[in-house]
Amino acid sequence: MAKKYKAPPGLDYDPVCGEHESLSFGVLKAHSPDGETRTLAEPIYRRLYPAIAPKDRHPSSSPSAERYDIILPPGAPDHLSSVDGLSWAFHSMPGDRIRDLAAIVTLRWPQVEDPSASLPLHEAWERSRCFAVSISKELQAAVVAIQHVPVRSWGFGPPHVHLIIPCRTIRPRTGFATFIKRLTSEEEGRQFFDKAWTTFCEHEAECLTPV
């Protein structure tokens with residue numbers, strides 16, 4: 001059963017969690033509650049530059065997040081490998097048809113701060129990124145993975161990784177195509193990611209073993 005996650009004030013989506021306390025899911029809408037239109041780039045840059053006001057965020061400078069990567073499905077055009085390229089292509093269809101921007105999954109890693117767990121920060125990142133790769137392939141979608149370590153910069157909370165998944169499939173060589181309906185439904189999306197995370201955890205050793 002889904003339950004609301006206690007999110008910080010001013011968050012741009014409503015997260016819920018289900019089977020896994022360490023995983024929450026939500027949908028980033030194209031319009032804010034007051035009717036303001038958002039672009040896909042905005043929530044991504046917000047997380048690339050945590051605790052920095054929008055007017056002080058400079059896309060040309062290095063992000064202040066701990067780590068980040070843009071993961072694309074096989075055959076995706078190269079111009080989608082940047083935040084601006086991804087956002088521009090996503091919005092290339094008439095804007096009034098876009099109701100949902102992206103699904104966002106947050107993976108929390110309190111084990112990093114637990115001396116008895118012996119989980120290095122970089123390993124939490126690799127596990128999260130490996131999960132993102134599996135999601136990208138299954139959904140034929142882009143995934144922007146961003147790692148935060150709150151204690152190093154702006155506040156409290158365990159290290160975590162945001163996975164931002166634009167709600168449209170990407171076709172080889174042609175780019176964005178149809179909307180992914182399961183990502184725009186709070187209940188269907190939560191169930192999908194709960195199941196995907198359970199499966200991943202059962203087989204993650206295979207993913208993390210060097211070829």
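On a predicted model such as this, the values are computed, not experimentally measured, just so you know.
Checked by atom type and distance alone, the side chain of S87 never pairs as donor or acceptor with a backbone atom of V83 at under 3.5 Å. Not one N or O on the side chain of H148 forms a donor-acceptor pair closer than 3.5 Å with the backbone of A65. At distances below 3.5 Å, not a single donor-acceptor pair connects side-chain atoms of T199 with backbone N or O atoms of A196. Panel note: side chain S32, backbone E36; a donor-acceptor pair is recorded below 3.5 Å. For the pair S81 (side chain) and D78 (backbone), a donor-acceptor distance under 3.5 Å is present. Within the 3.5 Å criterion, the main-chain N or O of A141 finds a donor-acceptor partner in the side chain of S136.
Shown here for L72 and P77, the closest heavy-atom pair between the two residues is CD1-O, 4.0 Å. When every heavy atom of A142 is checked against every heavy atom of P166, the shortest pair comes out as O-CD, 3.3 Å. Across P158 and P150, no two heavy atoms sit closer than the pair O-CD, 3.6 Å. The two atoms that bring F179 and I98 nearest to each other are CZ-CG1, 4.0 Å, heavy atoms only. Across all their heavy atoms, A103 and C167 have their closest contact at N-SG, 3.6 Å. In terms of heavy-atom proximity, H79 sits nearest to A89 at NE2-CB, 4.3 Å.
Side-chain atoms of E113 and L119, non-hydrogen and from C-beta on, never get closer than 4.5 Å to each other. The closest side-chain heavy-atom distance from Q147 to L121 is below 4.5 Å. Looking at L107 and H160, their side chains never come closer than 4.5 Å, going by heavy atoms from C-beta outward. Side-chain contact between V105 and H162: absent, with no pair of heavy atoms (C-beta onward) separated by less than 4.5 Å. Proximity of T174 to R171: side-chain heavy atoms (C-beta onward) are separated by under 4.5 Å at one or more points. Side chains of R67 and H122 form a contact here, defined as non-hydrogen atoms less than 4.5 Å apart. By the 4.5 Å heavy-atom criterion applied to side chains, P172 and P74 are not counted as neighbours. Looking only at side-chain heavy atoms (C-beta outward), D69 and W125 come within less than 4.5 Å of each other.
Taken together through direct or relayed side-chain contacts under 4.5 Å among Ile, Leu, Val, Met, Phe, Trp and Tyr, V161 and F200 form part of one hydrophobic cluster.
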Problem set entry | Criterion side-chain contact (heavy atoms from CB on, under 4.5 Å) on L86 and V144, from CA distance to verdict | CA-CA 10 Å; L86 200 67; V144 182; 3.9 Å; yes
Problem set entry | Trace of the side-chain contact (heavy atoms from CB on, under 4.5 Å) decision for L40 with W88 | CA-CA 8 Å; L40 178 63; W88 180 88; over 6 Å; no
For this session: Could you give me the CA-CA distance, side-chain angles and deciding distance for D114 and S116, then say whether side-chain hydrogen bond (donor to acceptor under 3.5 Å, both in side chains) is met?
Result: CA-CA 5 Å; D114 181 356; S116 65; 2.8 Å; yes
For this session: Take S22 and W197 through the test side-chain contact (heavy atoms from CB on, under 4.5 Å) and record every step on the way to the result.
Result: CA-CA 10 Å; S22 61; W197 184 241; 4.0 Å; yes
Problem set entry | Criterion side-chain contact (heavy atoms from CB on, under 4.5 Å) on L28 and D12, from CA distance to verdict | CA-CA 7 Å; L28 289 160; D12 49 6; 3.5 Å; yes
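Taken to the nearest 0.5 Å, the OH atom of Y49 stands 7.0 Å off from the OG atom of S62. Once rounded to the nearest 0.5 Å, the distance linking CD1 of I104 with CG of L163 reads 8.5 Å. Between the OG1 atom of T39 and the OH atom of Y45 there is a distance of 9.0 Å, given to the nearest 0.5 Å. With values rounded to the nearest 0.5 angstrom, I165 atom CD1 is found 8.5 Å from I180 atom CD1. Taken from OH in Y13 to CZ in F25, the straight-line distance is 9.5 Å, to the nearest 0.5 Å. R38 CZ to K29 NZ: the interatomic distance, rounded to the nearest 0.5 Å, is 10.5 Å.
A salt bridge does not link R168 to D100: none of the charged nitrogens lies less than 4.0 Å from a carboxylate oxygen. In this structure, E187 pairs ionically with R190, as a charged nitrogen and a carboxylate oxygen lie closer than 4.0 Å. Checked for salt-bridge contact, E123 and R127 meet the test: a charged N lies under 4.0 Å from a carboxylate O.
Heavy-atom neighbours of F90 CZ from other residues, nucleotides or ligands within 6.0 Å: above the threshold of 12.
A cation-pi arrangement is present between R182 and F192 under the rule of less than 6.0 angstrom and at most 45 degrees off the ring axis.
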